[in-house]
Amino acid sequence: MTSYKFVNKKVGVIGCPFNGGQHRNIGVDKGPTKLIEFGLLEQLQELEWEVEFDGHHKLNELRPVEDPNIGKLKKPRYVSRVAEAVSKAVESHLKRKQVALTLGGDHSLALGTVSGTLSVYPDACLIWVDAHADINTPETTKSGNLHGCPVSFLLGIAGKIPGFEWVNKIISKERLVYIGLRDVEASEKKILKQLGIKAFSMHDVDKYGIGKVVEMALDAVNPKRNLPIHLSFDVDALDPTVAPSTGTPVRGGLTFREGHYICEAVHETGCMVAVDIMVKIS
Ligand SMILES: NC(=[NH2+])NCCC[C@H](N)C(=O)O
Ligand SMILES: [Mn+2]
C-alpha cells in the first residue's frame, strides 16, 4: 500500500480539450472527452480514489477575436489565457489536497498545469515524459507552435513575452528530468546541454531498462523522495504502435508496459501531486 505524503486519496480531474498550441486542427481537443467516455472516472473509483470532475473546461470561449503572432509564436494570447485558466484549476485542486489530473489537449497546457503545481508546491519536481523536449524558446522555435515551448517558459528562459507575465513560478533546472526523448531539435539540445538538464532518451531506456531509468530520474530530481512530483506525460512518448493518437508520432518509443511502469513507479513514491495526460484522438 502506498502512503501519500502530500495528498488524500482524492483526484480532481480537469478536462482540457484544447489544441491551440499546435497547428493541426483536428483531434487533440477530443482526447479528454474520449478518455472520460471510455470510463476513466469509473476506473479511478475502482482503484478507490475519490473523484471530482467538474466537466470539460470550455476553453474555446477564451479564444480572442484577434490573435496575431508575437514574433514567431502562434496564437499566443489564446494559449496564454487557456493555460492561465488551467493553472487556477490545478491550484484549486491541489490546495484541497487532491491530486490534479489534467487531460489534454496539446502540451502547451503544461504551462498552466506546472505553474499551478508550483504555486502550491514551490519545491515540486517535474518529470517530463515525451518524445520531444518542448524546450524551444520564442527565439529558437522554428514552428512557432507553443506546444514545443512550455518548458522554456517554466524555466524562466523564454524572455519577456507580452501576455505571459502570469507565468512567474519558475522551476529550477535541477528539479526537471526527461524520459523518452528521441526527437529533439539542435536548438533544444543546446539548451539542455548548456543548462545541464538531466534527460533519459530512448537510448538510455534500451541500455538500462525502464526500472533503472526511472530510479535514476528520481534520484536526480528527488533523491530523498520527499519532494512533490508533477508528472507530465505526452502520449507521443509511447511508440506509435501503442498510441497512434498523437499529432506528432515518432518511431522507436516506449512500450505499453514501459509507459505504465513510469506512472506506477512515480505513484509508488507517494509524492505524486499532479499528472498531465496529453492525448490526441483522430
Ligand atoms: N508536445 C509536442 N508534441 N511537441 C512537439 C514539438 C515539435 C517541435 N520541436 C516544435 O518545436 O515545434
Ligand atoms: Mn510534448
Side-chain angles (χ1 to χ4, degrees), residues 16-32 69-76 78-79 82-83 86 102-115 117 126-155 157-159 161 171 176-193 197 199-202 217 230-240 242-254 259 262-263 274-282:
C16 296
F18 177 69
N19 63 7
Q22 47 93 61
H23 58 280
R24 286 175 187 78
N25 248 342
I26 42 151
V28 190
D29 54 338
K30 296 200 187 80
N69 291 1
I70 298 181
K72 285 177 265 180
L73 297 181
K74 293 174 183 156
K75 293 179 249 176
Y78 189 23
V79 171
V82 163
V86 173
T102 303
L103 312 177
D106 78 61
H107 222 163
S108 65
L109 287 162
L111 255 183
T113 61
V114 178
S115 294
T117 295
L126 173 59
I127 304 181
W128 194 278
V129 182
D130 203 321
H132 314 90
D134 295 351
I135 197 169
N136 270 309
T137 67
E139 286 287 312
T140 67
T141 175
K142 290 204 212 84
S143 66
N145 294 323
L146 272 153
H147 74 160
C149 306
V151 179
S152 74
F153 282 85
L154 293 166
L155 288 167
I157 58 166
I161 307 293
I171 189 153
L176 163 66
V177 65
Y178 287 99
I179 302 176
L181 299 186
R182 59 192 182 280
D183 184 8
V184 180
E185 293 181 56
S187 51
E188 297 180 294
K189 286 186 185 152
K190 205 166 142 197
I191 300 171
L192 292 174
K193 202 162 171 204
I197 289 169
F200 296 94
S201 65
M202 285 312 297
H230 184 120
L231 174 66
S232 200
F233 198 120
D234 193 323
V235 292
D236 70 31
L238 299 169
D239 193 77
V242 181
S245 316
T246 167
T248 46
V250 191
R251 291 187 295 176
L254 298 168
I262 296 171
C263 303
V275 182
D276 313 326
I277 305 280
M278 302 306 177
V279 205
K280 168 178 183 271
I281 310 282
S282 49

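First listed ligand is number 1; within each ligand, the first listed atom is number 1.
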Would you say [X]'s side chain and [Y]'s backbone share a donor-acceptor pair under 3.5 angstrom?
X	Y	answer
Asp239	Leu254	no
Gln22	Asn145	no
Asp106	Gly21	yes
Ser201	Arg182	no
Asp183	Ala131	no
Lys74	Ser143	yes
Asp134	Gly148	no

Just to be sure I read this right, does ligand 1 sit under 4.0 Å from the backbone of [X], its side chain, both, or neither, counting only heavy atoms?
X	answer
Asp236	side chain
His147	both
Glu185	side chain
Thr246	neither

Taking only heavy atoms of [X] into account, list the atoms of ligand 1 that are under 4.0 Å away from them.
X	answer
Gly148	6 (C), 11 (O)
Asp234	1 (N), 2 (C), 3 (N)
Thr248	3 (N)
Asn136	9 (N), 11 (O)

Regarding [X], does it place an N, O or S atom less than 2.8 Å from the Mn ion (ligand 2)?
X	result
His132	no
Asp134	yes
Asp234	yes

(request) Decide whether an N or O pair under 3.5 Å exists between Thr141 and ligand 1. (result)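 It does not: no N or O of Thr141 is found under 3.5 Å from an N or O of ligand 1.
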
(request) Could you check which N/O/S atom of His107 is closest to the Mn ion (ligand 2)? (result)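 Nearest N/O/S atom: ND1.
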
(message) For N/O/S atoms only: which one belongs to Asp130 and is nearest the Mn ion (ligand 2)?
(response) OD2

(message) Tell me the nearest of Ser108, Gly21, Ala131, Ser143 to atom 12 (O) of ligand 1, using heavy-atom distances.
(response)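 Checking each option, the heavy atom nearest atom 12 (O) of ligand 1 is found in Ser143.
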
(message) Any heavy-atom pair between the side chains of Tyr178 and Leu192 that's under 4.5 Å?
(response)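 When only atoms from C-beta onward are counted, Tyr178 and Leu192 do touch, with a gap below 4.5 Å.
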
(message) With a 4.5 Å cut-off on side-chain heavy atoms, are Val250 and Asp236 touching?
(response) no

(message) Once you measure the plane-to-plane angle for Tyr78 and Phe18, does it fall in the parallel (<30°), tilted (30-60°) or perpendicular (>60°) bin?
(response)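 Tyr78 and Phe18: perpendicular rings.
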
(request) Any chance you could measure Leu181, atom CG, to Trp128, atom CH2, to the nearest 0.5 Å? (result) 11.0 Å

(message) How far is atom 7 (C) of ligand 1 from the closest protein heavy atom, and which atom is that?
(response) His132 CD2, 4.2 Å

(request) Around atom 1 (N) of ligand 1, find the nearest protein heavy atom and jot down its residue, atom name and distance. (result) Asp134 OD2, 3.0 Å

